Trainee: 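Structure below; questions to follow.
For clarity, every value in this text was computed on a predicted model and none was experimentally measured.
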Amino acid sequence: MHNVRKVVDDLYWVGASEKRIALFENIHPLENGVSYNAYVLLDEKTVLFDTADWTVGRQFLENVDYVLNGRPLDYVVINHMEPDHAASIEEIILRHPDVKVVSTEKAFMMMHQFNFPVNDNFVQVKAGDSMSFGKHNVVFVDAPMVHWPEAMVTFDTTNGVLFSADAFGSFKSLDGARFADEVDFKNDWLDEARRYYTNIVGKYGPQVMELLKKAGTIDIKVICPLHGPIWRQDLGWIIDKYVHWATYQPEEKGVLVVYASMYGNTEAAAHILAAKLVEKGMTNIKMYDVSKTHMSYLISEVFKYSHLALLSCTYNLGIFPPMEDFLRDMQRLNLQKRVCAVVENGSWAPQAGSKMIEMLQDMKQMTVLNEQVSVLSSVNKMTESELDDLAESIIESMGQEYKY
């Protein structure tokens with residue numbers, strides 16, 4: 001049975017949501033599901049913009065057939081070749097053997113790698129090319145490394161709709177809604193949108209900024225992403241979030257406290273530090289045990305907050321492995337422009353602190369506070385005083401003007 005929604009005149013959402021899959025890209029938890037968006041344009045020619053993952057293939061295909069209502073499918077425009085959007089290309093071609101597949105040269109190469117039978121029905125486009133489907137005219141815009149090299153976005157100059165590929169996407173099932181103004185996005189969706197961006201696209205901030213600059217030259221009225229809700233209001237608000245994330249500017253002044261503790265003593269130090277911060281007036285604090293929290297949530301939070309406090313026990317004369325993994329993920333995703341506090345613990349040879357600092361200094365524009373604390377087994381009066389000094393240093397740094 002079909003489940004479609006009109007987006008604007010002539011354009012229909014034909015995607016699907018699902019809550020069964022546990023991991024996105026087999027790595028990121030999906031506690032609230034995800035949507036796979038695709039769109040059909042009905043003009044003199046019919047056009048499908050992207051396809052869907054096989055997990056929702058049946059619903060997607062029923063939706064496409066319902067909207068076409070017996071008409072042939074003339075074109076399918078592929079903005080992004082990742083299988084969660086492109087896996088159904090072959091089935092579309094089998095059902096509509098005369099359909100023309102429109103995409104980039106690199107996408108065409110990938111279609112052959114995936115063994116999709118595109119062959120002579122492929123229409124290659126490049127940046128600046130345009131096509132007319134009747135009254136609707138579209139322009140193709142390159143979006144390399146947002147977040148695959150073949151990616152592009154498509155802009156309908158007739159109605160102002162931007163088919164934005166993986167840009168402006170989000171985790172979470174749509175649960176009946178289709179538009180961002182139909183949900184409480186700021187309270188219920190923003191964290192998942194940030195987690196999606198930072199973990200999937202976060203490394204490619206300069207490329208995202210380049211795309212945003214291009215987008216700033218066109219009159220966008222609606223943003224149709226491949227995951228998450230469609231944007232038809234408050235476009236400036238979500239674009240501003242993307243500017244923050246793509247330039248690695250924190251969204252808020254606050255402290256993310258992440259600790260690695262084997263037997264509870266480093267955790268106790270984390271709680272003491274957090275309490276001292278609150279006593280000194282900083283209440284915007286989030287605390288996580290790195291061993292119990294999936295890395296994708298930690299990465300999302302570290303993109304959000306201006307300050308980061310890392311507390312780790314020493315393990316085999318190094319950093320506790322989950323904390324080291326977190327730092328490597330920050331490096332891998334190009335995190336920068338944060339103020340960092342470091343606390344180490346060790347019973348016989350504390351080493352974690354210097355090694356964490358070394359990893360932080362390998363990142364761009366990371367400020368490591370001088371008041372570093374070394375706990376010997378557990379907090380005593382001296383190290384409690386040092387934690388108080390560290391909290392004071394964090395508070396003082398909040399008042400400084402940083403050029404992000």
Trainee: Assess whether a salt bridge exists between Arg5 and Glu182, defined as any Lys/Arg side-chain N lying under 4.0 Å from an Asp/Glu carboxylate O.
Mentor: yes
Trainee: Check the pair Asn334 / Lys364 against side-chain contact (heavy atoms from CB on, under 4.5 Å), numbers first and verdict last.
Mentor: CA-CA 8 Å; Asn334 203 27; Lys364 297 176 182 178; 4.2 Å; yes
Trainee: Does a salt bridge link Lys221 with Asp219, judged by any charged N lying under 4.0 Å from a carboxylate O?
Mentor: yes
Trainee: Please test Gln361 against Ile357 for side-chain contact (heavy atoms from CB on, under 4.5 Å), starting from the C-alpha separation and ending with a verdict.
Mentor: CA-CA 6 Å; Gln361 289 176 337; Ile357 291 170; 3.5 Å; yes
Trainee: State plainly whether the residues Glu324 and Arg328 are in salt-bridge range, i.e. N to O under 4.0 Å.
Mentor: yes
Trainee: What I'd like to find out is whether the side chain of Ser291 reaches to under 4.5 Å of the side chain of Phe320, using heavy atoms alone.
Mentor: yes
Trainee: Is the distance from the ring center of Trp245 to that of Tyr197 below 6.0 Å?
Mentor: yes
Trainee: Does Asp50 reach the main-chain N or O of Asn79 with its side chain, forming a donor-acceptor pair under 3.5 Å?
Mentor: yes
Trainee: So, Thr367 side chain and Val339 main chain: donor-acceptor pair closer than 3.5 Å or not?
Mentor: no
Trainee: Once the angle between the rings of Phe133 and Tyr75 is folded into 0 to 90°, is it parallel (under 30°), tilted (30 to 60°) or perpendicular (over 60°)?
Mentor: tilted
Trainee: Is there a donor-acceptor pair closer than 3.5 Å between any side-chain N or O of Asn159 and the backbone N or O of Val161?
Mentor: yes
Trainee: Verify salt bridge (Lys or Arg N to Asp or Glu O under 4.0 Å) between Asp175 and Lys19, making sure each step is shown before the conclusion.
Mentor: CA-CA 10 Å; Asp175 293 357; Lys19 292 176 174 288; 3.3 Å; yes
Trainee: Could Lys172 and Glu31 be called an ion pair, given the rule that one side-chain N must be under 4.0 Å from one carboxylate O?
Mentor: no
Trainee: Any side-chain heavy atom of Tyr36 sitting closer than 4.5 Å to one from Thr55?
Mentor: yes
Trainee: Just wondering, do Val101 and Ile93 contact through their side chains at under 4.5 Å, heavy atoms?
Mentor: yes
Trainee: Using the rule ring-ring contact (aromatic ring centres under 6.0 Å, His included), only one of Trp189, Phe168, Phe24, Phe171 pairs with His227; which is it?
Mentor: Phe24
Trainee: If we only count heavy atoms from C-beta on, is the Val375 to Glu386 side-chain gap below 4.5 Å?
Mentor: no
Trainee: Any donor and acceptor pair, going by atom type alone, linking the side chain of Thr293 with main-chain N or O of Asp289 inside 3.5 Å?
Mentor: yes
Trainee: Are any non-hydrogen side-chain atoms of Met131 and Asn137 less than 4.5 angstrom apart?
Mentor: no
Trainee: Which donor-acceptor pairs under 3.5 Å do the side chains of residues 103-113 make with protein atoms, sequence neighbours left out?
Mentor:
residue, atom, partner, partner atom, Å
Ser103, OG, Ile78, O, 2.6
Thr104, OG1, Ala107, N, 3.2
Thr104, OG1, Glu150, O, 3.2

Trainee: What heavy-atom pair brings Val379 and Ala269 nearest, and what distance separates the two atoms?
Mentor: CG2-CB, 3.7 Å
Trainee: Are the aromatic ring centres of Tyr12 and Tyr39 under 6.0 angstrom apart?
Mentor: no
Trainee: Between Glu18 (side chain) and Arg20 (backbone), is there a donor-acceptor pair under 3.5 Å?
Mentor: yes
Trainee: Answer whether the closest heavy-atom distance between the side chains of Leu360 and Leu310 falls below 4.5 Å.
Mentor: yes
Trainee: Under 3.5 Å, is there a donor-acceptor pair between the side chain of Thr46 and the main chain of Pro72?
Mentor: yes
Trainee: Name the atoms and distances for all side-chain donor-acceptor pairs under 3.5 Å in residues 59-67, with sequence neighbours left out.
Mentor:
residue, atom, partner, partner atom, Å
Gln59, NE2, Met1, O, 2.9
Gln59, NE2, Asn63, OD1, 2.9
Glu62, OE1, Met1, N, 2.6
Glu62, OE2, Arg58, NE, 3.3
Asn63, OD1, Asn3, N, 2.6
Asn63, ND2, Asn3, O, 3.2
Asn63, ND2, Val14, O, 3.3
Asn63, ND2, Gly15, O, 2.8
Asn63, ND2, Gln59, O, 3.4
Asp65, OD2, Arg95, NH1, 3.2

Trainee: Do His28 and Tyr297 have their ring centres less than 6.0 Å from each other?
Mentor: no
Trainee: Report the C-alpha distance between Met282 and Met398 in whole Å, list the side-chain angles of each, state the deciding distance to 0.1 Å, and finish with yes or no for side-chain contact (heavy atoms from CB on, under 4.5 Å).
Mentor: CA-CA 9 Å; Met282 169 44 62; Met398 292 280 179; 3.8 Å; yes
Trainee: Salt-bridge test for Glu192 and Arg195: reply yes if a basic N is under 4.0 Å from a carboxylate O, no otherwise.
Mentor: yes
Trainee: Do you know the tightest heavy-atom contact between Gly228 and Pro225?
Mentor: O-CG, 4.1 Å
Trainee: Between Asp43, Asp9, Asp10, Asp156, which is the residue that forms a salt bridge (Lys or Arg N to Asp or Glu O under 4.0 Å) with Lys135?
Mentor: Asp10
Trainee: Please work out which of the three classes, parallel, tilted or perpendicular, describes the rings of Tyr259 and His271, given edges at 30° and 60°.
Mentor: tilted
Trainee: Tell me every residue that passes salt bridge (charged side-chain N to carboxylate O under 4.0 Å, His left out) with Glu371, counting only those two or more places apart in sequence or in another chain.
Mentor: none
Trainee: Could you give the distance from OG (Ser306) to CD1 (Ile394), rounded to the nearest 0.5 Å?
Mentor: 10.0 Å
Trainee: Quick one: do Val40 and Trp13 satisfy side-chain contact (heavy atoms from CB on, under 4.5 Å)? Show the steps, please.
Mentor: CA-CA 7 Å; Val40 167; Trp13 178 92; over 6 Å; no
Trainee: Could you measure the distance from the CD atom of Glu44 to the OG atom of Ser132? Nearest 0.5 Å is fine.
Mentor: 7.0 Å
Trainee: Atom OG of Ser374 and atom CD of Glu344: how far apart are they, to the nearest 0.5 Å?
Mentor: 3.5 Å
Trainee: Side chains of Thr157 and His136: closer than 4.5 Å at any heavy-atom pair?
Mentor: no
Trainee: Show, in sequence, the C-alpha distance, side-chain angles and deciding distance for Thr266 and Asn345, and conclude whether the side chain to side chain donor-acceptor pair (under 3.5 Å) test is met.
Mentor: CA-CA 6 Å; Thr266 310; Asn345 192 356; 3.2 Å; yes
Trainee: If you compare all heavy atoms of Val153 against all heavy atoms of Ala143, which two are closest, and at what distance to 0.1 Å?
Mentor: CG1-CB, 4.3 Å
Trainee: Quick one: do Ser173 and Ser35 satisfy side chain to side chain donor-acceptor pair (under 3.5 Å)? Show the steps, please.
Mentor: CA-CA 5 Å; Ser173 164; Ser35 71; over 6 Å; no
Trainee: Mind running salt bridge (Lys or Arg N to Asp or Glu O under 4.0 Å) on Lys286 and Glu301 for me, showing each step along the way?
Mentor: CA-CA 8 Å; Lys286 290 294 287 291; Glu301 294 285 63; 2.9 Å; yes
Trainee: Decide if the gap between the ring center of Phe185 and the ring center of Trp231 is smaller than 6.0 angstrom.
Mentor: yes
Trainee: Quick one: are Ile223 and Leu235 in side-chain contact, heavy atoms under 4.5 Å?
Mentor: yes
Trainee: Looking at Lys100, I'd like to know if its NZ atom is crowded, meaning that more than 12 non-hydrogen atoms belonging to other residues, nucleotides or ligands lie closer than 6.0 Å.
Mentor: no
Trainee: Would you call the rings of His80 and His85 parallel, tilted or perpendicular, taking 30° and 60° as the class edges?
Mentor: tilted
Trainee: Over all heavy atoms of both residues, which pair between Tyr242 and Ala167 is shortest? Give the atoms and the distance, please.
Mentor: OH-C, 3.7 Å
Trainee: Tell me whether His307 contacts the main-chain N or O of Ile285 through its side chain, where contact means a donor paired with an acceptor under 3.5 Å.
Mentor: no
Trainee: Test your reading of the model: is there a side-chain donor-acceptor pair from Gln331 to the backbone of Met359, 3.5 Å cut-off?
Mentor: yes
